[in-house]
Amino acid sequence: MSTPGNQNTPAIAPATPSDFIRDIVAKHVEEKKYPRIHTRFPPEPNGYLHIGHAKSICLNFGIAREFGGICNLRMDDTNPTKEDVEYVDSITEDVNWLISGWADDRLGFKPSGKTPDAVTSAGKPDFYLGHVVPKNAPGAKLEPFYASDYFDQICEFAIRLIRKGKAYVCDLSPADTDAYRGSPDRPGKDSPFRNRSVEESLDLFSRMKNGEYPDAARTLRAKIDMASPNIWMRDPVLYRIRHSEHHHTGNRWCIYPMYDFAHCLSDYIEGITHSICTLEFEVHRPLYDWILQSLDLPRPLPKQYEFAKLIPSHTIVSKRKLIQLVNDHAVTGWDDPRMPTISGMRRRGVPAATLRRFATEVGVTKFISLTDMAVFEHIIRDDLNKIALRRLAVLRPLKVVITNYPEGSTEELDAVNNPEDPNAGTRTIPFSRTLFIERDDFMETPPPKYFRLRPGGEVRLKYAYIIKCDEVVKDAGGAIAELRCTADLDSKSGGPAANRKIKGTIHWVSAPDAIDAEVRLYDRLFTAAEPDAGGDFKSSLNPHSLEVVTAKCEPSLKAAKPDLRYQFERLGYFVLDKDAQLSTGNPRLIFNRTLTLKDTWAKEARKELAR
RNA sequence: UGCCCGAUGGUGUAACGGUAGCACAGCAGACUCUGGAUCUGUUUGUCAUGGUUCAAAUCCAUGUCGGGCAGCCA
């Protein structure tokens, strides 16, 4: 047991994550292997960031903040045909949102437009691009890093490799390059251009760069080993010809470096120490090391470490398929609240801190696993329960008249804003003779253990009176139109008969005071745990992933704020959508349901049904 | 039938040669002016076979199963 005076054993230990990568970094810190820990998050701007990227962001920025380092956001933009500024903008926004208030001070920036300096390190020529953090450069225009800012240097490194006889220009067609590569269980064979002279390769490479050849006419290749058991060591392509405009470098280049060549060099140029990526790059690591070691570089080389990416259940995370959902209008866009994108989850109402908590709690291993969405949903509920302001709203209204409550009379009742947080205070809600309750909260012929309203039965109206249902009024079609009830006027919360034992408590709003709001009821996008498993992921799209209703809300919601989270009591967690119009005197409210409260009654009903 | 990586309850993760723990899910109960939250109890696990050792989830060997790699994608 800890005592208040004992600082060495705090009652609540800070949740410091630990995993095999952090263990390695910690060891390096202890050994003083690097002057400073430097990581990077390197997305390709060809799609929106999703929950899997969130894990990577939290890992890389988490390590930077835990070990006093820096983490660069770098656009890995070496393929102009797939990339777009729309994506660099969304990526920048999403990363900033996710780390805001947590690791902003660890985010590396560079002055806008800056490219690497030619410097001398340990007596050798070198390229280095320092970083800044915003507090170092007040007033300067800063931006994230771009691999495409290093094209000059990467090109220079390519020339050095040719000079060393470690790279050559190859005239093989794409199909022949494929054929010569062999297969995993069969060695490849040497390109006929492999032993061309350094001078000829130098000349050809410079002509490639000058645009003398069409796309795919030639490549620059590393000269390693066509018989290597590792496919990526079989003279991999380093540069290809692509006469395409690049979103960041315009028309300055018609040759572009491949990922393997650009990535390790970008890491080196930025002074990265730990280059953390996902498992599929494990087989590329020998090439990563080969390139850097072949160049006789004067500064410490970055090292690559791999971990298993996050695979969440009940959704998909493949960029190609996510794009398909957007293009096919299965969702309204990349930021549709049902999407597993960071922008979608943000719009859904998931706080950044909650996403971070999830990304950290799932852990970092090399074991490829399916993470149950229920874990994420539990964390969202747990966090939102602590911060959400309680409000009363009725999604599917049923009119109730309290026949013994005087016509025209009203009163203001006290209601607490958050029972989990006394500091959240209280508010008042109006009560009157006509109310709305949830249609689900009344049943004419209820099953056993139903303890809401029924004919002749009693129920507590939250913060108000106990009412008894005297009469069910139906319309011409036989549908329930309204309930006529009497209230026990002594049973008001805080009143003389307030403590009468009543099994059920339901939410309500005063009809004349209620305000309308559009409420978007979101649910999981897919019904299958692994939508990808069966082949056609669209066959498990959840047809009920969105239902839109017009809800009756308590009047205080007129002042709802976009950055606050709400719990509509007994219904779930809600957040204002960006489509809502709040500035007018008569606001148009739109709420998104982040998540339902856990509903054990639904489980009871299922059991009932099974009998 | 090449090379690389992995395997701990239903799911995810910890234990770093010394009592297999935590979370989610499940089940049972208590409490509740939210059928939420909270609280209590509880079912279920070291891939297999050998070896090293006083002692193995952990080290070694072999096997089994799963994943990755044959883009001029990243």
Side-chain angles (χ1 to χ4, degrees), chain A residues 18-20 23 42-44 46 76-79 81-83 170 172-174 177-179 181-188 215-221 228-234 236-242 255-256 258-260 262-263 277-286 306 308 313 319 361-379 381-382 385-386 390 392 416 419-420 449-452 459-464 466 491 493-494 498-500 502-507 529 567-573 596-604:
Chain A
S18 164
D19 55 66
F20 77 98
D23 287 349
E44 183 186 19
N46 68 345
D76 205 1
D77 55 350
T78 56
N79 185 356
T81 62
K82 294 194 171 180
E83 298 152 7
C170 179
L172 248 27
S173 69
T177 307
D178 254 12
R181 184 161 32 232
S183 61
D185 56 349
R186 189 165 39 83
D215 287 3
R218 287 182 226 266
T219 56
L220 180 73
R221 292 230 253 163
S228 170
N230 183 337
I231 300 250
W232 293 101
M233 298 299 271
R234 319 240 263 231
V237 171
L238 265 23
Y239 260 99
R240 78 287 215 179
I241 302 172
R242 275 254 217 290
I255 57 170
Y256 292 93
M258 297 288 291
Y259 163 83
D260 287 297
H263 203 91
C277 62
T278 49
L279 249 26
E280 61 265 35
F281 294 101
E282 214 160 15
V283 286
H284 293 241
R285 194 184 339 132
E306 310 87 11
S313 75
K319 275 185 193 169
E361 286 189 12
V362 292
V364 179
T365 67
K366 298 186 78 162
F367 178 56
I368 298 166
S369 57
L370 216 219
T371 299
D372 196 333
M373 261 304 185
V375 175
F376 189 31
E377 292 172 347
H378 171 264
I379 290 175
R381 288 191 178 99
D382 191 47
N385 179 48
K386 290 174 204 143
R390 272 57 171 178
L392 300 186
V416 303
E420 307 286 326
K449 284 196 196 160
Y450 181 89
F451 42 85
R452 289 171 267 174
V459 77
R460 153 77 61 187
L461 294 177
K462 178 93 179 174
Y463 297 126
I466 294 168
S491 69
S493 300
N499 292 328
R500 259 177 66 200
I502 290 289
K503 196 77 172 135
T505 299
I506 64 173
H507 58 279
Q567 185 199 99
F568 293 172
E569 294 217 31
R570 302 209 307 132
L571 297 173
Y573 296 101
T596 57
L597 258 25
K598 188 188 286 177
D599 186 3
T600 52
W601 168 251
K603 200 171 62 193
E604 287 293 325

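Just so it is clear: chains get the letters A, B, ... in the order the sequence lines come, proteins before strands, and each one is counted from 1. Below, each value reflects all heavy atoms present in this structure, side chains not excepted, and no hydrogens, waters or symmetry copies. Given the structure is predicted, the values throughout are model-derived calculations rather than measurements.
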Self-check item: Carboxylate-amine/guanidinium contact Glu44(A) Lys82(A), below 4.0 Å
Solution: no
Quiz item: Has the side chain of Glu420(A) got a donor or acceptor atom sitting under 3.5 Å from an opposite partner on the base of G36(B)?
Solution: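 Between G36(B) and Glu420(A), which were checked side chain against base, a qualifying N/O pair under 3.5 Å is present.
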Quiz prompt | Any N/O donor-acceptor pair, Glu361(A) side-chain to U13(B) base, under 3.5 Å | solution = no
Quiz item: With a 4.5 Å limit on heavy-atom distance, are the side chains of Met258(A) and Leu238(A) in contact?
Solution: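 A side-chain contact is absent here, since even the closest heavy-atom pair is not under 4.5 Å.
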Distance test, side-chain N/O of [X] to OP1/OP2 of [N], below 4.0 Å:
X: Arg390(A); N: A37(B); value: no
X: Lys598(A); N: A37(B); value: yes
X: Arg242(A); N: C72(B); value: no
X: Thr78(A); N: A74(B); value: yes
X: Ser369(A); N: U11(B); value: no
X: Thr365(A); N: U13(B); value: yes
X: Arg181(A); N: G2(B); value: no
X: His507(A); N: U34(B); value: no

Mind checking the [atom1] distance from [N] to [M]? Whole angstroms is fine.
N: A56(B); M: U38(B); atom1: P; result: 40 Å
N: U64(B); M: A25(B); atom1: P; result: 38 Å
N: U58(B); M: U8(B); atom1: P; result: 13 Å
N: U62(B); M: G12(B); atom1: C1'; result: 30 Å

Identified pairing partner of [N], criterion: Watson-Crick or G-U wobble below 3.5 Å:
N: A14(B); answer: none
N: G2(B); answer: C69(B)
N: A56(B); answer: none
N: A7(B); answer: U64(B)
N: U32(B); answer: none

Practice problem: Verify the neighbour count for atom CG of Asp23(A): are there more than 12 heavy atoms of other residues, nucleotides or ligands below 6.0 Å? | Solution: yes
Looking at [options], which one has an atom nearest to any side-chain atom of [X]?
X: Phe367(A); options: U13(B), U34(B), C69(B); answer: U13(B)
X: Glu280(A); options: G12(B), A74(B), G71(B); answer: A74(B)
X: Asp23(A); options: C16(B), A37(B), G35(B); answer: C16(B)
X: Arg570(A); options: G35(B), A70(B), G6(B); answer: G35(B)
X: His378(A); options: C24(B), G71(B), U1(B); answer: C24(B)
X: Ala374(A); options: G6(B), A25(B), G36(B); answer: A25(B)
X: Asp178(A); options: C24(B), G6(B), A70(B); answer: A70(B)

Quiz item: Base, sugar-phosphate, or nothing: which does Ile466(A) touch, judged by heavy atoms less than 4.0 Å apart?
Solution: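 Counting heavy atoms under 4.0 Å across all strands, no contact is made by Ile466(A).
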Quiz item: Should G71(B) be called syn or anti, with syn set as within 90° of 0?
Solution: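 This nucleotide is in syn.
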Practice problem: Could you label the plane-to-plane angle of the Tyr259(A) and Phe281(A) rings as parallel, tilted or perpendicular, counting under 30° as parallel and over 60° as perpendicular? | Solution: tilted
